[in-house]
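Below is one structure; the comments refer to it alone.
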Amino acid sequence: LLYRFYKNAALPVKDSIYGGWESEGLSGHTLGHYLSAASLMYASSGNGEFKKRVDYIVAELERCQQARKTGYVGAIPKEDSIFDNVAKGNIKSGGFDLNGGWSPWYTVHKVMAGLVDAYLYADNKQALKIVMGMAGWTFNTINHLPDSLRLKMLNCEYGGMNDVLANIYALTGKKKYLDLSYKFYDEFVMGKLAQRIDPLPGKHSNTNVPKAIGSARQYE
């Protein structure tokens, strides 16, 4: 699961890449899910094996983050080019595609959410530091975009980026993270819901339900 994190950070790999979607465009998202799962299992069972795995993954992600020097850490194919173009305002999306990548913000969210869970449920302080670095990189990538380009970017599935940034605000008390979470507010679904219009029938649930969950968290 760490294979492409190493590769993208120009560090030596330790094994072959995990199969399925991890060997394709969503590479990295399963590691985020696994980190969340192991953290929750440690909290519920007290089994130290789960914490050992969480601590190992977090330490390796920190190595990758330090090697990259931007605050970002990830495993998406061609991610530097995808997000560099976003930062420059060069944005193309066909729904699940953003600048040639398969829902890249969705994958970023899974890694960030896994790190927050490692901090909350497995008492890993290092994880909060890493995820704050990723949030800082997110700010540098999108905060300057005008609404026209920001909304164009949000045509592509972005997972629970609003939710995780609101959670980082809750953990740190730094309002810049809450403000940043509102950059992941789209008019296509959230704007309609705000007008009490139901825009969801026929739409992809995995894309749209997290938007409402994140909005509820922002309200809290």
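Each residue takes its place number in the sequence, starting with 1. Note that the structure is predicted; figures quoted are calculated from it, not measured.
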Distance, nearest 0.5 Å, that separates CG of L180 from CD1 of I168: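 Taking CG in L180 and CD1 in I168, the distance rounds to 8.5 Å.
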Value rounded to 0.5 Å, distance of CE in M134 from CG in L61: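 So the gap between those two atoms works out to 8.5 Å.
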Quick one: do [X] and [Y] make a salt bridge, cutoff under 4.0 Å?
{"X": "D123", "Y": "K125", "value": "yes"}
{"X": "R4", "Y": "E22", "value": "no"}
{"X": "D179", "Y": "K176", "value": "no"}
{"X": "R68", "Y": "D80", "value": "yes"}

Within 6.0 Å of OH in Y6, more than 12 heavy atoms from elsewhere: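 Yes, enclosed.
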Over 12 foreign heavy atoms within 6.0 Å of NZ, K14: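 Counting neighbours around NZ of K14, more than 12 heavy atoms of other residues, nucleotides or ligands fall under 6.0 Å, so yes.
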Residues [X] and [Y]: side-chain donor-acceptor under 3.5 angstrom:
{"X": "S39", "Y": "D117", "answer": "no"}
{"X": "R217", "Y": "N167", "answer": "yes"}
{"X": "K88", "Y": "N85", "answer": "no"}
{"X": "Y72", "Y": "E79", "answer": "yes"}

Hydrophobic cluster membership, F184 vs L171, 4.5 Å side-chain cutoff: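 Linked, F184 and L171 end up in one cluster.
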Side chain proximity check, E24 to W102, heavy atoms < 4.5 angstrom: yes
Ring pair (Phe, Tyr, Trp, His ring centres under 6.0 Å) contacts touching residues 30-54 (sequence neighbours left out): H29-H33
Heavy-atom pair of closest approach, residues H144 and A87: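 Shortest heavy-atom separation between H144 and A87 comes out as NE2-O, 2.6 Å.
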CA sep, side-chain torsions, deciding dist, call: Y185, N162, side chain to side chain contact (heavy atoms under 4.5 Å, CB included): CA-CA 7 Å; Y185 180 95; N162 52 0; over 6 Å; no
Which pairs of donor and acceptor atoms, one on a side chain in residues 106-116, lie under 3.5 Å apart (sequence neighbours left out)?
residue, atom, partner, partner atom, Å
H109, ND1, G160, N, 3.2
H109, NE2, G160, O, 3.4

Option from L31, L2, L1 for which side chain to side chain contact (heavy atoms under 4.5 Å, CB included) with Y18 holds: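 Only one option passes, and that is L1.
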Worked verdict on N99 versus D84 for side chain to side chain contact (heavy atoms under 4.5 Å, CB included): CA-CA 10 Å; N99 291 348; D84 282 352; over 6 Å; no
